[in-house]
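Okay, structure first, notes after.
Every chain is numbered from 1, with letters handed out A, B, ... down the list of sequences.
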Amino acid sequence: MSPTTFSRESFDTAVWRVVANIEPGQVMSYGEVARVAGFAGHARMVSQALRRSDAPLPWYRVVKSDRRLAFKPGSEAYTRQKGLLEAEGAQVVNGKVIVTESADVVDLDRLIWGPPG
DNA sequence: CCCTTGACTATCT
DNA sequence: GAGATAGCCAAGG
């Protein structure tokens with residue numbers, strides 16, 4: 001599913017829901033978030049949706065497809081994201097996130113079908 | 001409209 | 001692994 005047209009509101013809502021479900025210590029790429037949210041091909045827009053969010057979201061668990069932080073190394077945002085990730089057990093080496101959990105990304109089935117039970 | 005920007009991605013050298 | 005390149009797509013000027 002990748003609507004040719006959509007409202008910014010519906011897009012933001014879908015993206016925020018996915019991001020809010022990324023578990024601590026795990027990460028997803030912008031492209032993965034877009035795809036799971038139902039907007040494949042809109043990776044760049046995911047960053048805009050995150051920038052627009054006012055509610056507290058684990059935005060720092062979203063990284064680039066190669067697992068590097070999207071911000072410019074040394075920037076304030078970069079430092080903040082690195083700190084937040086390390087605070088929950090992830091390791092950041094050379095701008096690259098090293099997830100020490102068993103899974104590299106969140107359980108997509110749970111994201112799509114909801115928590116078990 | 002046209003052009004530029006960007007918290008992107010995939011591929012090639 | 002590091003650059004360069006091309007493709008991507010909505011927003012904003």
Return the value, rounded to whole Å, for the distance between atom [atom1] of [X] and atom [atom2] of [N].
X      : N       : atom1 : atom2 : result
W59(A) : dA7(B)  : CH2   : C1'   : 9 Å
F6(A)  : dA11(C) : CZ    : C1'   : 11 Å
K64(A) : dG6(B)  : NZ    : C1'   : 11 Å
L57(A) : dA7(B)  : CG    : C1'   : 14 Å
M45(A) : dG12(C) : CE    : P     : 9 Å
Y78(A) : dG6(B)  : OH    : P     : 19 Å
R68(A) : dA10(B) : CZ    : P     : 15 Å

* Looking only at heavy atoms, what is the nearest atom pair of K72(A) and Y78(A), with distance? -> O-CB, 3.3 Å
* To do: Check for a donor-acceptor pair, side chain of Q81(A) on one end and backbone N or O of Y60(A) on the other, with a separation under 3.5 Å.
  => yes
* Gap in Å between the two C1' atoms, one belonging to dC1(B) and one to dG12(C), rounded ->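 Those two atoms are separated by 14 Å.
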* Pick the C1' atom in dT5(B) and in dC8(C), then give their distance to the nearest Å. => 13 Å
Does [X] have a side-chain nitrogen or oxygen under 4.0 Å from the phosphate oxygens OP1 or OP2 of [N]?
X      : N      : result
S29(A) : dC8(B) : no
R61(A) : dA7(B) : no
R44(A) : dC9(C) : no

* **5'-most by nearest nucleotide on DNA chain B - V63(A) or Q48(A)** => Q48(A)
* How are the rings of H42(A) and F11(A) set relative to one another: parallel (under 30°), tilted (30 to 60°) or perpendicular (over 60°)? -> tilted
* Do R68(A) and D66(A) meet the salt-bridge criterion of a basic N to acidic O distance under 4.0 Å? ->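 Salt bridge present between D66(A) and R68(A).
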